[in-house]
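To start, the structure itself, in structure tokens.
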Amino acid sequence: MDSSTLPAAFLPPVNRSMKVLDRSFFRKTVLLAAASVSDAKQISEVRKAIVKSDGAPLPKFLRDDPDQPGTKCLLLHPRLKQDDPSTWSTALRTLSESGLVKVRNYKLELGYDDWTMHSILEAIIPEMLDDEQELPTGFAQVGHVAHLNLRSQYLPYKYLIGQVLMDKNPQIQTVINKTLDVGTESVFRTFPYEVLAGEDNLDVTVSESGCEFQFNFGKVYWNSRLGTEHGRIIDKFSEGEAVCDVMAGVGPFAVPAGKRNIFVHANDLNPDSFAGLQAAIKRNKVGDFVSPSCEDGRAFIRKSAELLQSKSRSVAVKPKLKISRNSSSAEKQAIQKKIEEGTKLLREPKSFDHYVMNLPATAIEFLDAFKGLLQGREAEFSPHTERHLPLIHVHLFQAKHTTIPEEHDGVLLRLAEHLGHDLSPAYKRGEVELFDVRLVAPNKRMYCATFRLPAAVAFADTPPS
């Protein structure tokens, strides 16, 4: 039950000085009137009539009649009194007079399990904080771990909050609170934390885009709120294309892309992310398409121009047709023939079609590594051939401005600074996409800039050092 929708009679007991969670404190008996319905066939009609005239006091207000086995009671709104028919609605009086219901007293026993997390916290958090209407009931979930980022005013109550959160979300086994911002103590986007409830066990299993990942949440970066963004970028890839995932983490872009028969070279500097990436490649059976590495992102970009020249792959892709054990020999032969006829050979391109740079705090600073990356290879690309220069997908943080155009101008200015090339003309032609991923703080947005690597940068005279 959520306090915001309940009559006052059903609110939980209040104890704003509670230091250690006492679940027994929330036991409560509420005296109500109830409409006892002896004919089970009439319950639906009686319920509709009562709800229409009086409203339902509880989300689930159909209970067993304690005095008459097999009979159901419809709990009535607290304003209706069993011994005062003047409080009854016309509908209830009509039902009573017809004999369809008998109005009786009912003792409703409530306890800790009957209220939501928000209702319990509202009853134990001091009013001066409660009045701010910012109770910390929201959290990010990664596997069995709930991740909070508590504001300073709630820290004295952090263990209460953690325990209530875990109680009210059975799938949660560990509740942690971030003690410093992501990346404050580590270049790997990890963060220090404290355990508020449950075991200190951050070895999690998560599923995204039809793939399964296992990793230690305390040692790698993972943000469950970015699942939609991962899918949005992957949808830009086509079967048989080659993708360079520069800051791959445990593979939320690379592994699902591999499932779609896309060639990916995935890299991350964090050894724990690299181990998780290797495990995800094996677990999801995408080893034919996804190759992992563990090195500096700038170095990885600079070597990428030659990577496919020496390690280009070919994979035979068979159509997904199953041969049943019960199929006849002729049916099996027919299906096998379809498989053979439908098998296609995918050859990895000699250059990348996409670069993904998902490190929003600093990825934009790596754009200078593209200068001169493809020097001397002009003849391989448009207008000499049908092959285009790669698309760059770079995530970045941008200060929030009053208007979107101001924000876009800020992004374009920073892109020009690090790329060494002004993308504003291409933006005006609709060739640069600045996608607003999400608001990460009151004054900060996360963007993804997608643009084709300019020929002036790719073929620059000065190669990357």
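Residue numbers run from 1 in the order of the sequence given.
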Is the closest side-chain heavy-atom distance between M357 and L367 below 4.5 Å?
yes
Are F25 and R23 side-chain neighbours, meaning at least one heavy-atom pair lies under 4.5 Å?
no
Donor-acceptor pair, H144 side chain versus N201 backbone, under 3.5 Å?
yes
Close side-chain approach of L415 to F451, heavy-atom, < 4.5 Å
yes
Could you note down all residue pairs passing side chain to side chain donor-acceptor pair (under 3.5 Å) where residues 280-301 supplies at least one of them, sequence neighbours left out?
Q214-R283, N267-S293, S291-R313, E295-K303, R298-D368
Report yes or no: does T87 contribute a side-chain atom to a donor-acceptor pair with the main-chain N or O of K81 at less than 3.5 Å?
yes
Under 3.5 Å donor-acceptor, N177 side chain and L150 backbone
yes
Just grab all the salt bridge (charged side-chain N to carboxylate O under 4.0 Å, His left out) pairs involving residues 395-420, residues at least two apart or on different chains.
E407-R445
S89 side chain to L92 backbone, donor-acceptor under 3.5 Å:
yes
Do the side chain of T362 and the main chain of E365 share a donor and acceptor less than 3.5 angstrom apart?
no
Taking the six-membered ring for Trp, is the centroid-to-centroid distance between H395 and Y447 below 6.0 Å?
no
Lys NZ or Arg CZ of K168 over Y112 ring: under 6.0 Å, within 45°
yes
Treating Q278 as the side-chain partner and A280 as the backbone partner, does any N or O pair qualify as donor plus acceptor under 3.5 Å?
no
Write out all pairs satisfying salt bridge (charged side-chain N to carboxylate O under 4.0 Å, His left out) with one or both partners inside residues 236-245, taking only residues at least two apart or from two chains.
K236-E433, E239-K344
Please assess R104 against D65 for the test salt bridge (charged side-chain N to carboxylate O under 4.0 Å, His left out), listing each intermediate value before the final yes or no.
CA-CA 10 Å; R104 54 156 297 166; D65 190 321; 2.6 Å; yes
Determine whether V142 and H147 make a side-chain contact, defined as any pair of heavy atoms from C-beta on separated by less than 4.5 Å.
no
V356 vs I233, test: side-chain contact (heavy atoms from CB on, under 4.5 Å). Steps then yes/no.
CA-CA 9 Å; V356 178; I233 295 295; 4.3 Å; yes
Counting only heavy atoms from other residues, nucleotides and ligands, does the tally under 6.0 Å from CZ of R79 exceed 12?
yes
Distance-only polar pair, side chains of E109 and T29, donor-acceptor under 3.5 Å:
yes
Any donor and acceptor pair, going by atom type alone, linking the side chain of S273 with main-chain N or O of D268 inside 3.5 Å?
no
How about S53 and T90: do any of their side-chain heavy atoms sit closer than 4.5 Å?
no
Please determine whether the number of non-hydrogen atoms from other residues, nucleotides or ligands lying under 6.0 Å from atom CZ of R93 exceeds 12.
yes
Checking W115 side chain against F10 main chain: does a donor-acceptor pair fall under 3.5 Å?
yes
Evaluate side-chain contact (heavy atoms from CB on, under 4.5 Å) for L307 paired with H265, printing each intermediate quantity in order.
CA-CA 9 Å; L307 198 58; H265 287 260; 3.4 Å; yes
Plane angle bin for W222 and F213 - parallel if under 30°, tilted between 30 and 60°, otherwise perpendicular:
tilted
Does a donor on one side chain sit under 3.5 Å from an acceptor on the other, for N15 and S17?
yes
With a 4.5 Å cut-off on side-chain heavy atoms, are I50 and L95 touching?
yes
Verdict with reasoning, R260 to D235, per salt bridge (charged side-chain N to carboxylate O under 4.0 Å, His left out)
CA-CA 10 Å; R260 299 189 187 186; D235 285 343; 2.8 Å; yes
Would you say I176 and L148 make side-chain contact, with heavy atoms under 4.5 Å?
no
Does atom CZ (R47) have a neighbourhood of more than 12 heavy atoms from anything else shown, all under 6.0 Å?
no
I'd like to know if the side chain of N169 reaches the main chain of L165, judged simply by a donor and an acceptor atom lying under 3.5 Å from each other, with no hydrogens or angles considered.
yes
Ring centres under 6.0 Å, that's the criterion: do Y355 and F370 meet it?
yes
Does K178 make a cation-pi contact with Y193 (under 6.0 Å, within 45 degrees of the axis)?
no
D64 side chain vs P66 backbone, donor-acceptor pair below 3.5 Å:
no
Do C244 and V246 come close enough that some side-chain heavy atom pair is under 4.5 Å?
yes
